[in-house]
2 protein chains.
Amino acid sequence: MSRHSTEETLLTPSEVAALFRVDPKTVTRWAKAGKLSAIRTLGGHRRYRESEVRRLLDVPQQRAV
Amino acid sequence: MSRHSTEETLLTPSEVAALFRVDPKTVTRWAKAGKLSAIRTLGGHRRYRESEVRRLLDVPQQRAV
DNA sequence: AATCATTCGGGTAATTCGGGGG
DNA sequence: GCTGTCCGAATTACCCGAATGA
């Protein structure tokens, strides 16, 4: 359908943190480390793709070489 | 096509807000801050250019420098 | 004309950012 | 190496009543 990655449902840092049961700051570190892609608001806040988060949640132990 | 030189799809504040996963009020602040150009209805409501919004969304990682 | 959702405005909480240190 | 916490500053979210849009 859409080639745009922007047509994606986005999650806030706290929402992702709640799903993983970690601190929102930890999610930020994942984004900085490139383990999780982030879209920025015009104010610099991060938003995360729900599909990507769910995929990571579903895969028990995925190791990024 | 169109008889207009620049046929542009306009988005409402809530539509833009949904794409960025922010509050519509936040989009208004972006417009006030000049981060996003806005077209005004005759009643004063803002409309945003879809192409501009998509361009901003597709920016992978914008750094706050 | 009248309804209903949205978008004005402003003002005030809550969240997030970044860096740094445990 | 990874995570949780402290700090100040910036950004965003929710509150209201009134006006606009459809």
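Naming: A, B, ... by sequence-line order, numbering from 1 per chain. Scope of the values below: all heavy atoms of this structure, side chains included, with no hydrogens, waters or symmetry mates.
- In this structure, Leu36(B) places its CG atom 12 Å from P of dT12(D), rounding to the nearest Å.
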For this session: Could you provide the dot-bracket string of DNA chain C, using ( ) for intrastrand pairs, [ ] for crossing pairs and | for bases paired to another strand, with Watson-Crick or G-U pairs below 3.5 Å?
Result: ..|||||||||||||||||...
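- Between Ala38(A) and Ala31(A), the closest heavy-atom pair is CB-CB, 4.3 Å.
- In this model, the phosphate group of dG9(C) is not approached by any side-chain N or O of Thr28(B) to a distance below 4.0 Å at OP1 or OP2.
- Between Glu15(A) and Arg21(B) a salt bridge is recorded (basic side-chain N to carboxylate O distance below 4.0 Å).
- Of the N and O atoms on the side chains of Thr26(B) and Arg29(B), at least one donor lies less than 3.5 Å from an acceptor on the other residue.
- Between the CD atom of Glu15(B) and the C1' atom of dG21(D) there is a distance of 13 Å, rounded to whole Å.
- Ile39(B) places its CD1 atom 13 Å from the P atom of dC8(C), with the value rounded to the nearest Å.
- Per the geometry, CZ belonging to Arg46(A) stands 4 Å off P belonging to dG18(C), to the nearest Å.
- Look at NZ on Lys32(B): it is 7 Å from C1' on dG9(C), rounded to the nearest Å.
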For nucleotides 6-11 of chain D, print each protein N/O atom paired with a nucleotide N/O atom at under 3.5 Å, atom names and distance only.
| unit_1 | atom_1 | unit_2 | atom_2 | d |
| --- | --- | --- | --- | --- |
| dC6(D) | N4 | Lys25(A) | NZ | 3.4 |

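- Between Arg47(B) atom CZ and Leu11(B) atom CG the span is 9.5 Å, to the nearest 0.5 Å.
- Considering only heavy atoms from C-beta on, Arg46(B) comes within 4.5 Å of Thr28(B) through its side chain.
- A straight line from CZ of Arg40(B) to C1' of dT7(C) spans 10 Å, rounded to a whole angstrom.
- Atom OH in Tyr48(B) sits about 16 Å away from atom P in dT6(C), given to the nearest Å.
- Checking Arg29(A) against Ser14(A), the closest nucleotide of DNA chain C that is more toward the 5' end is the one next to Ser14(A).
- Between Leu56(A) and Lys35(A), the shortest heavy-atom contact is CD1-O, 4.3 Å.
- Picking from dC8(C), dC14(D), dG18(C) the nucleotide with the shortest atom distance to the side chain of Asp23(B) gives dC14(D).
- Under the 4.5 Å side-chain heavy-atom criterion for Ile, Leu, Val, Met, Phe, Trp and Tyr, Tyr48(A) and Leu57(A) are members of the same hydrophobic cluster.
- The backbone N or O of Leu36(B) lies less than 3.5 Å from no partner atom in the side chain of Glu52(B), so there is not a single donor-acceptor pair.
- Whole-Å rounding puts the Arg47(B) CZ to dG21(D) P distance at 8 Å.
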For this session: Apply side chain to side chain contact (heavy atoms under 4.5 Å, CB included) to Leu10(B) and Glu50(B), showing your working.
Result: CA-CA 6 Å; Leu10(B) 296 181; Glu50(B) 183 179 31; over 6 Å; no
